[in-house]
> 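Submitted below is the structure of interest, expressed as structure tokens.
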Number of protein chains: 2
Amino acid sequence: MPDRDVTIGTIQRELTAFARRARQKAAQIHPGLSLVTYTMLDHMRETGGCRGTDLAEHFLLDKSTVSRQTAVLERLGLIVREPDPDDRRGQILRPSENGLHLLEEAHRQRRATFEERFTEWGDEDLERFSGYLQRYNAAS
Amino acid sequence: MPDRDVTIGTIQRELTAFARRARQKAAQIHPGLSLVTYTMLDHMRETGGCRGTDLAEHFLLDKSTVSRQTAVLERLGLIVREPDPDDRRGQILRPSENGLHLLEEAHRQRRATFEERFTEWGDEDLERFSGYLQRYNAAS
DNA sequence: CAATGTCAGATGTATTATGCAACTAACACC
DNA sequence: GGTGTTAGTTGCATAATACATCTGACATTG
């Protein structure tokens with residue numbers, strides 16, 4: 001059994017490798033859509049519509065960046081804007097029909113990649129891995 | 001026990017969350033050094049010196065990007081270049097004394113962050129988590 | 001051994017994501 | 001109602017990146 005330092009080093013290295021690879025593959029989700037814009041779109045779906053400020057806060061991005069990225073999403077016809085009835089300074093952003101379809105398709109593709117990657121994993125290992133990741137991420 | 005689909009979905013979400021956070025914190029390693037340049041520097045140390053082409057291939061970057069980033073590292077005094085004795089077209093890049101010190105310091109800091117994060121984890125859980133990550137990454 | 005094609009690296013140019021600062025319009029509170 | 005705050009946009013600058021091109025140095029083949 002390797003000692004604790006070695007094991008932590010391995011986890012560090014493997015997580016870093018994962019992050020690097022994820023970043024490199026990020027742009028392949030949809031033409032014209034980056035990982036950030038895609039994730040924003042997904043967040044709008046999860047929340048059932050949110051404001052630009054919420055996105056900025058959630059993703060730790062400047063509001064100007066959010067503004068430009070949501071402009072891209074609008075130009076692509078993937079979101080619709082509604083004036084916030086409670087605060088006329090803001091707008092509610094939500095995926096359009098096309099946006100929802102794109103999200104479904106992207107989910108399907110990404111999920112398929114993961115399914116394939118885990119075909120040889122047993123149920124118990126999957127459970128444990130999932131639990132460890134949640135435990136790790138929850139600590140941030 | 002949740003079913004397999006739900007578990008895989010959780011893993012997917014948690015790994016994506018990790019990647020996003022890693023990217024955001026990447027720039028904090030050293031002033032003037034990005035995650036990419038830092039990782040390049042580390043790769044030079046691991047390999048005991050390599051060429052720009054090797055870096056481009058390893059990190060899936062264009063050679064022009066590598067050229068500019070290594071120029072940054074040189075400007076910061078973190079690497080030294082030697083003509084490749086076997087092929088005078090190329091150069092061997094390796095960390096300078098300062099570069100090695102920076103890597104040690106960065107390793108120490110990052111490791112400390114990880115150590116802290118895992119203080120409450122038992123040895124067996126650490127082992128398993130490490131193994132799962134390796135298994136996952138090896139499948140790429 | 002000379003010519004042609006390939007490779008390593010550098011540089012010019014363009015694109016993209018990003019942040020900061022300044023601005024406008026709307027809100028909130030006193 | 002006036003003053004300070006907030007949501008969003010836009011102007012400007014910066015950084016990482018890719019593609020195309022250029023220059024040497026290598027390699028292969030006639």
> Give me the atom names and distance for the closest heavy-atom approach of A/Arg94 to A/Ile92.
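Closest pair (atom of A/Arg94, atom of A/Ile92, distance): NH2-CG2, 3.6 Å.
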> Whole angstroms only, please: what is the CZ-P distance between A/Arg81 and D/dG8?
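My rounded result for the distance is 9 Å.
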> CG of A/Leu33 versus C1' of C/dT16: gap in Å, rounded?
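Those two atoms, CG and C1', are 14 Å apart.
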> Going only through I, L, V, M, F, W and Y residues with side-chain contacts under 4.5 Å, is there a path from B/Leu73 to B/Leu100?
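They do not share one cluster, since no chain of ILVMFWY contacts under 4.5 Å joins B/Leu73 to B/Leu100.
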> What do you reckon, is CD of B/Glu46 surrounded by more than 12 foreign heavy atoms closer than 6.0 Å?
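Result for CD/B/Glu46: enclosed.
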> So which protein N/O to nucleotides 2-8 of chain C N/O distances come out below 3.5 Å?
{"residue": "C/dC7", "atom": "O4'", "partner": "B/Arg89", "partner atom": "NH1", "Å": "3.2"}
{"residue": "C/dC7", "atom": "O2", "partner": "B/Arg89", "partner atom": "NH1", "Å": "3.0"}

> Please state how far atom CD in A/Glu57 lies from atom P in D/dA7, giving the value in whole angstrom units.
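Between P of D/dA7 and CD of A/Glu57: 9 Å.
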> Atom CG of B/Leu61 and atom P of C/dT16: how far apart are they, to the nearest Å?
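So the CG-P distance, B/Leu61 to C/dT16, works out to 18 Å.
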> In whole Å, what is the span from the CG atom of B/Asp86 to the P atom of C/dG9?
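Atom-to-atom, B/Asp86 to C/dG9, this comes out as 13 Å.
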> How many whole angstroms separate atom CG of A/Asp84 from atom C1' of C/dA28?
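Going from A/Asp84 (CG) to C/dA28 (C1'), I get 16 Å.
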> Using the ring of each side chain (for Trp, its six-membered ring), is A/Tyr136 parallel, tilted or perpendicular to B/Phe129, with breaks at 30° and 60°?
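Answer is tilted, since the angle falls between 30° and 60°.
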> If you take all heavy atoms of A/Tyr38 and A/His107, which pair is closest and at what distance?
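Residues A/Tyr38 and A/His107, closest heavy atoms: OH-CD2, 3.3 Å.
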> Can you tell me how far P of D/dA16 sits from CG of A/Leu35, to the nearest Å?
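The answer, rounded to whole Å, is 19 Å.
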> Would you find more than 12 non-hydrogen atoms of other residues, nucleotides or ligands less than 6.0 Å from A/Arg111 atom CZ?
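Counting neighbours around CZ of A/Arg111, more than 12 heavy atoms of other residues, nucleotides or ligands fall under 6.0 Å, so yes.
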> Using atom CG of B/Leu55 as one end and atom P of D/dA16 as the other, report the distance to the nearest whole Å.
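From B/Leu55 CG to D/dA16 P: 15 Å.
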> CZ of B/Arg45 to CG of B/Leu102: how many Å apart, nearest 0.5 Å?
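The CZ atom of B/Arg45 sits 12.0 Å away from the CG atom of B/Leu102.
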> Counting just side-chain N and O atoms, does B/Thr65 come under 4.0 Å of either OP1 or OP2 of D/dA18?
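Yes, such a contact exists.
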> Does B/Glu57 have more than 12 heavy atoms from other residues, nucleotides or ligands lying within 6.0 Å of its CD?
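Atom CD in B/Glu57 is not packed in, count stays at 12 or less.
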> When you measure from the side chain of A/Thr37 to the backbone of A/Leu33, do you find a donor-acceptor pair of N or O atoms at a distance under 3.5 Å?
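No; judged by distance alone, with no hydrogens or angles, the pair does not exist.
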> What does the list of N/O pairs under 3.5 Å between the protein and nucleotides 11-15 of chain D look like, with a distance for each?
{"residue": "D/dG11", "atom": "O6", "partner": "A/Arg68", "partner atom": "NH2", "Å": "2.4"}

